[in-house]
Amino acid sequence: MVYIARFNVGGKYFEVPMSTLERFPETMLARMASETWNDDPQSVMFIERDGVNFHYCLDYMRDGSKVHLPLAVSRESISTEALTMDDFMDRDHGLKKSVS
């Protein structure tokens, strides 16, 4: 059975396979979804961040290299969000450096 972590980020809902989060075990996202912190696998974990930009963080976790933004998305807005998400994820993973 595939365990799915559920997040509510700024009112937008995301479902992420735990295997994606486990690729970055030291991140706050992985810890929040772990059995240690979350004893109810059906629960939705709330993160007070911009839900519109959050999927770029997930793209980075899925792809593990660069995050490519559409032309209509401001690099500055994602860079600001990435700084916060780097802190949230674990600065060693360098999401901000991967935004192109």
Side-chain angles (χ1 to χ4, degrees):
M1 182 164 99
V2 175
Y3 173 59
I4 302 294
R6 292 169 176 80
F7 297 98
N8 169 356
V9 183
K12 294 186 75 83
Y13 289 85
F14 298 87
E15 293 186 347
V16 184
M18 193 62 195
S19 60
T20 298
L21 300 176
E22 288 170 343
R23 291 178 58 204
F24 300 90
E26 298 303 317
T27 65
M28 181 60 79
L29 291 176
R31 288 188 297 237
M32 283 178 67
S34 73
E35 292 177 356
T36 302
W37 284 28
N38 183 17
D39 58 358
D40 179 5
Q42 298 302 315
S43 69
V44 177
M45 294 162 275
F46 179 74
I47 299 173
E48 190 173 356
R49 296 302 315 156
D50 185 343
V52 173
N53 294 332
F54 185 71
H55 79 275
Y56 295 111
C57 173
L58 295 178
D59 286 348
Y60 174 79
M61 293 181 88
R62 288 179 184 118
D63 299 334
S65 57
K66 289 257 183 200
V67 175
H68 301 284
L69 303 176
L71 293 175
V73 175
S74 160
R75 186 175 193 274
E76 289 76 27
S77 70
I78 299 301
S79 291
T80 300
E81 191 70 18
L83 269 176
T84 302
M85 289 310 297
D86 267 351
D87 288 338
F88 197 72
M89 287 178 58
D90 179 357
R91 190 165 290 283
D92 291 341
H93 290 95
L95 174 63
K96 185 176 186 321
K97 296 175 199 156
S98 299
V99 175
S100 65

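Nothing here was measured: the structure is a model prediction, and the numbers come from that model. The residues of the chain are indexed from 1 along the displayed sequence.
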Can you confirm whether [X] sits close enough to [Y] that some side-chain heavy atom of one is under 4.5 Å from a side-chain heavy atom of the other?
{"X": "Lys12", "Y": "Val52", "result": "yes"}
{"X": "Cys57", "Y": "Leu29", "result": "yes"}
{"X": "Leu21", "Y": "Phe7", "result": "yes"}

(message) Please tell me whether Trp37 and Tyr3 are part of a single hydrophobic cluster in this structure, the criterion being side-chain heavy atoms less than 4.5 Å apart.
(response) yes
For the student: nearest non-hydrogen atoms of [X] and [Y], plus distance:
{"X": "Met45", "Y": "Ala5", "answer": "CE-CB, 4.1 Å"}
{"X": "Arg6", "Y": "Ser43", "answer": "CB-O, 3.7 Å"}
{"X": "Met32", "Y": "Asn38", "answer": "O-CB, 3.2 Å"}

(request) Please answer whether the main-chain N or O of Gly10 pairs with a side-chain N or O of Arg49 as donor and acceptor at a distance below 3.5 Å. (result) no
(request) Would you confirm whether Arg62, through its side chain, and Thr20, through its main-chain N or O, come within 3.5 Å as a donor-acceptor pair? (result) no
(request) Look up atom CE in Met18 and atom CD in Glu35, then write down how far apart they are to the nearest 0.5 Å. (result) 8.0 Å
(request) Output the distance between atom CG (Leu58) and atom CG (Asp63), rounded to the nearest 0.5 Å. (result) 10.5 Å
(request) Assess whether side chain to side chain contact (heavy atoms under 4.5 Å, CB included) is satisfied between Met61 and Thr27, documenting all intermediate values. (result) CA-CA 10 Å; Met61 293 181 88; Thr27 65; 4.2 Å; yes
